[in-house]
Amino acid sequence: MAYRSTYAVWEFTLQCNLDCVLCGSRAASPRSSELTTVEALDLVRQLHDAGIREVTLIGGEAYLRQDWLEVVAAVRQAGMACTLTTGGYGISAAAARGMRRAGLQQVSVSIDGCQATHDLLRGTPGSWSAAFDSLRHLRDAGIPVACNTQINRLSAPELPLIYADIVEAGCRAWQFHLTVPMGHAADRPEILLQPPELLDLFPLLNELAVLARRDGLLLFPGDNIGYYGPYERRLRNGYGGNAVWGGCQAGISTLGIEADGAIKGCPSLPTSAYSGGNIREHPLAEILDQAPALAINAGQGTAAAAQHLWGYCRACDYAELCRGGCSWTAHVFFGRRGNNPYCHHRALAHARRGTRERLVLEKPAPGEPFDHGVFTLIEEPANAAWPKEDAHRFGAGSIQWTRADRRHG
């Protein structure tokens with residue numbers, strides 16, 4: 001038996017103290033049957049035995065559970081790295097010191113815009129200021145800090161301003177990914193980027209990558225950033241190496257755990273379609289070894305592994321290597337993986353032949369955690385009139401460089 005996964009993202013609770021417009025899990029209250037402390041500690045043992053090397057706790061908001069630092073300490077005592085991803089609302093100086101004592105090794109705080117945009121997207125006035133207060137408290141406690149950002153039509157113009165703010169806050173790494181229509185975000189399709197808007201986004205990300213390399217900020221693009229465009233190597237390797245996208249890693253190098261013990265190959269994938277089982281019913285080792293839902297990427301890099309592809313992705317030159325990009329992104333747009341419209345190579349190819357793709361919501365999401373609607377993909381001339389009702393357009397002319405220019409000269 002060969003265990004595949006080395007990195008686990010654990011939704012420790014679905015309880016949350018924010019009301020984020022873009023929350024894929026629609027977090028608010030705890031799940032009806034979250035793991036007990038005893039069960040959580042036993043899962044730590046199982047993760048270690050399965051060869052997991054790092055555990056990232058998420059929510060909801062992980063630190064709202066009173067036993068969370070006990071679990072952090074157990075993860076560290078088992079020899080695994082332990083980090084936290086958080087909205088950063090209300091982490092006091094004392095709480096940060098407690099995290100350090102428990103052994104927490106890094107905290108990534110979500111920053112999704114300048115103050116007004118961030119507070120809007122996080123659904124809570126004052127959340128931007130609170131996030132930066134938390135970053136300061138964490139740094140003062142000796143915990144390395146990072147940031148993560150969702151990119152959409154509201155946040156994309158402010159990315160240079162976000163960059164300047166997080167560098168000033170002492171962040172050493174920045175992860176970003178494209179907002180996709182899952183959970184609450186499925187209810188706001190008007191703020192999602194349209195595929196042709198990637199043509200202006202990726203040159204912007206490239207410019208930020210140049211600044212980041214100069215300033216020592218490591219960039220970690222999410223799995224739906226790419227693919228195979230002219231900036232691929234610079235964006236995908238923050239250390240200056242030669243990495244390119246190599247296909248979805250769900251169930252290969254990543255593992256997702258829900259607060260009630262459900263196991264998925266990736267924490268972002270919809271539960272109903274991709275759960276491999278629950279640790280209350282089967283040991284983790286058995287789920288990893290036998291669950292078909294965790295083997296969706298078996299045989300990567302082969303023609304057989306690309307059989308799920310359809311639409312544009314099926315005929316793409318990168319099909320066997322890419323396998324349709326991020327499975328999560330494709331599934332929440334179309335109800336199945338294998339055809340990803342958020343692709344720089346694809347947008348460039350359409351532009352060269354004078355066409356573009358546009359996503360239109362056909363079936364709304366039902367309103368449940370990790371849910372999604374169904375979109376139709378329209379191909380049309382690149383110079384076709386844009387729908388008048390679509391007011392939230394992103395383009396190069398909307399990018400706000402002023403503060404970043406003043407900071408970086």
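Hydrogens, waters and symmetry mates play no part in the numbers below; they use all other heavy atoms, side chains included.
At distances below 3.5 Å, at least one donor-acceptor pair connects side-chain atoms of Glu158 with backbone N or O atoms of Cys114. A donor-acceptor pair under 3.5 Å links the side-chain atoms of Ser127 to the main chain of Thr124, judged by distance alone. With hydrogens and angles ignored, the 3.5 Å screen pairs no side-chain donor or acceptor of Trp174 with any backbone N or O of Tyr163. Not one N or O on the side chain of Asp371 forms a donor-acceptor pair closer than 3.5 Å with the backbone of Ala365. Checking side-chain atoms of Asn340 against main-chain N and O of Gly325 turns up no donor-acceptor pair under 3.5 Å. Judged purely by atom type and a 3.5 angstrom limit, Ser155 uses its side chain to pair as donor or acceptor with the backbone of Asn152. Using a distance-only test at 3.5 Å, with no hydrogens or angles considered, a donor-acceptor pair links the side chain of Thr355 to the main chain of His350. In this structure, the side chain of Asn224 does not engage the main chain of Thr329 through any donor-acceptor pair within 3.5 Å. Here the side chain of Arg97 pairs no donor or acceptor atom with the backbone of Ala141 at under 3.5 angstrom.
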Inset, instruction - Give the C-alpha distance, both sets of side-chain angles, the deciding distance and a yes or no for salt bridge (Lys or Arg N to Asp or Glu O under 4.0 Å) between Glu368 and Arg26. - result: CA-CA 7 Å; Glu368 302 170 353; Arg26 299 185 187 269; over 6 Å; no

Inset, instruction - Would you sort out whether Ser33 and Arg280 count as a side-chain hydrogen bond (donor to acceptor under 3.5 Å, both in side chains), showing the intermediate values? - result: CA-CA 11 Å; Ser33 184; Arg280 285 175 165 152; 2.9 Å; yes

Inset, instruction - Go through Arg31 and Glu11 one step at a time and tell me if the salt bridge (Lys or Arg N to Asp or Glu O under 4.0 Å) criterion holds. - result: CA-CA 11 Å; Arg31 291 182 184 270; Glu11 173 207 279; 2.7 Å; yes

Inset, instruction - Please step through side-chain hydrogen bond (donor to acceptor under 3.5 Å, both in side chains) for the pair Gln105 and Thr83, ending with a clear verdict. - result: CA-CA 6 Å; Gln105 292 167 286; Thr83 60; over 6 Å; no

Inset, instruction - Please report the C-alpha distance between Glu70 and Thr37 in whole Å, then the side-chain angles of each, then the deciding distance to 0.1 Å, and finally whether the side chain to side chain contact (heavy atoms under 4.5 Å, CB included) criterion is met. - result: CA-CA 9 Å; Glu70 184 178 353; Thr37 303; 3.7 Å; yes

Inset, instruction - Go through the steps for Ile52 and Tyr7 under the test side chain to side chain contact (heavy atoms under 4.5 Å, CB included), then give the verdict. - result: CA-CA 6 Å; Ile52 296 294; Tyr7 175 59; over 6 Å; no

Inset, instruction - Give the intermediate values and the outcome of salt bridge (Lys or Arg N to Asp or Glu O under 4.0 Å) for residues Arg234 and Glu232. - result: CA-CA 6 Å; Arg234 176 174 287 153; Glu232 172 79 3; over 6 Å; no

Legend entry - From CA spacing to verdict: side chain to side chain contact (heavy atoms under 4.5 Å, CB included), Leu159, Phe176: CA-CA 10 Å; Leu159 286 172; Phe176 44 76; 5.8 Å; no

Exercise answer: donor-acceptor pairs, residues 191-201 side-chain atoms, under 3.5 Å, sequence neighbours excluded:
unit_1	atom_1	unit_2	atom_2	d
Gln194	OE1	Leu359	N	2.7
Gln194	NE2	Leu359	O	3.0
Glu197	OE1	Arg153	NE	3.1
Glu197	OE1	Gln194	N	2.7
Glu197	OE2	Arg153	NE	3.2
Glu197	OE2	Arg153	NH2	3.2
Glu197	OE2	Arg393	NE	3.3
Glu197	OE2	Phe394	N	2.9
Asp200	OD2	Ala396	N	3.3

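Aromatic pair Trp68/Phe12: centroids not less than 6.0 angstrom apart. Annotation: Tyr227 is not in aromatic contact with His344 [ring centroid separation under 6.0 Å not met]. Two rings, from Tyr318 and Trp245, have their centers 6.0 Å or more apart.
Using a 4.5 Å heavy-atom threshold, the side chains of Glu357 and Ile378 count as separate. Contact annotation: the side chain of Leu135 approaches that of Cys147 to within less than 4.5 Å [non-hydrogen atoms, C-beta and beyond]. Considering only heavy atoms from C-beta on, Leu294 comes within 4.5 Å of Ile263 through its side chain. Between Asp223 and Cys248, every side-chain heavy-atom pair lies at or beyond the 4.5 Å cut-off. Residues Pro341 and Phe334 have side chains in contact (heavy-atom distance under 4.5 Å, counting atoms from C-beta outward). Residues His345 and Cys322 have side chains not in contact (no heavy-atom distance under 4.5 Å, counting atoms from C-beta outward). The closest side-chain heavy-atom distance from Thr56 to Leu84 is not below 4.5 Å. Proximity of Phe220 to Leu235: side-chain heavy atoms (C-beta onward) are nowhere separated by under 4.5 Å.
More than 12 non-hydrogen atoms from other residues, nucleotides or ligands lie less than 6.0 angstrom from CD of Glu281.
Of the N and O atoms on the side chains of Thr86 and Glu61, at least one donor lies less than 3.5 Å from an acceptor on the other residue. In this model, a donor atom of one side chain and an acceptor atom of the other lie less than 3.5 Å apart for Gln150 and Thr179. Defined by atom type and a distance below 3.5 Å, a donor-acceptor pair is missing between the side-chain atoms of Tyr228 and Asp317. A donor-acceptor pair shorter than 3.5 Å can be found between the side chains of Thr271 and Glu258.
The aromatic rings of Phe333 and Tyr342 sit perpendicular to each other, their planes meeting at more than 60°, with 30° as the lower class boundary.
Minimum heavy-atom separation, Ala8 to Ile257: CB-CD1, 4.2 Å. Considering every non-hydrogen atom in both Leu208 and Pro160, the closest pair reads CD2-CA, 4.0 Å. The two residues Ser110 and Arg122 have their closest heavy-atom pair at CB-NH2, 3.1 Å. The two residues Val75 and Ala81 come nearest to each other via the heavy atoms CG1-O, 3.6 Å. The minimum heavy-atom distance between Ser134 and Gly88, with the atom names listed, is OG-O, 2.7 Å. For the residue pair Ala186 and Pro181, the shortest heavy atom distance occurs at CB-O, 3.4 Å.
Annotation: the span from His177 atom NE2 to Ser268 atom OG amounts to 6.5 Å, rounded to 0.5 Å. Rounded to the nearest 0.5 Å, atoms OG1 (Thr254) and CD (Gln249) are 7.0 Å apart.
The pair Arg136-Asp133 meets the salt-bridge criterion, since a charged nitrogen lies less than 4.0 angstrom from a carboxylate oxygen.
A cation-pi contact links Lys264 to Phe370, judged by a cut-off of 6.0 Å to the six-membered ring centre and 45° from its axis.
Applying side-chain hydrogen bond (donor to acceptor under 3.5 Å, both in side chains) to Asn339 and the options Arg314, Arg346, His331 leaves one that passes, Arg346. A side-chain contact (heavy atoms from CB on, under 4.5 Å) with Asp112 is found for one member of Val21, Leu121, Thr117, Ile162 and no other, namely Leu121.
By the side chain to side chain contact (heavy atoms under 4.5 Å, CB included) test, Thr36 pairs with Val38, Glu39, sequence neighbours left out. Checked against side-chain hydrogen bond (donor to acceptor under 3.5 Å, both in side chains), Arg337 has the following partners two or more places apart in sequence or in another chain: His308.
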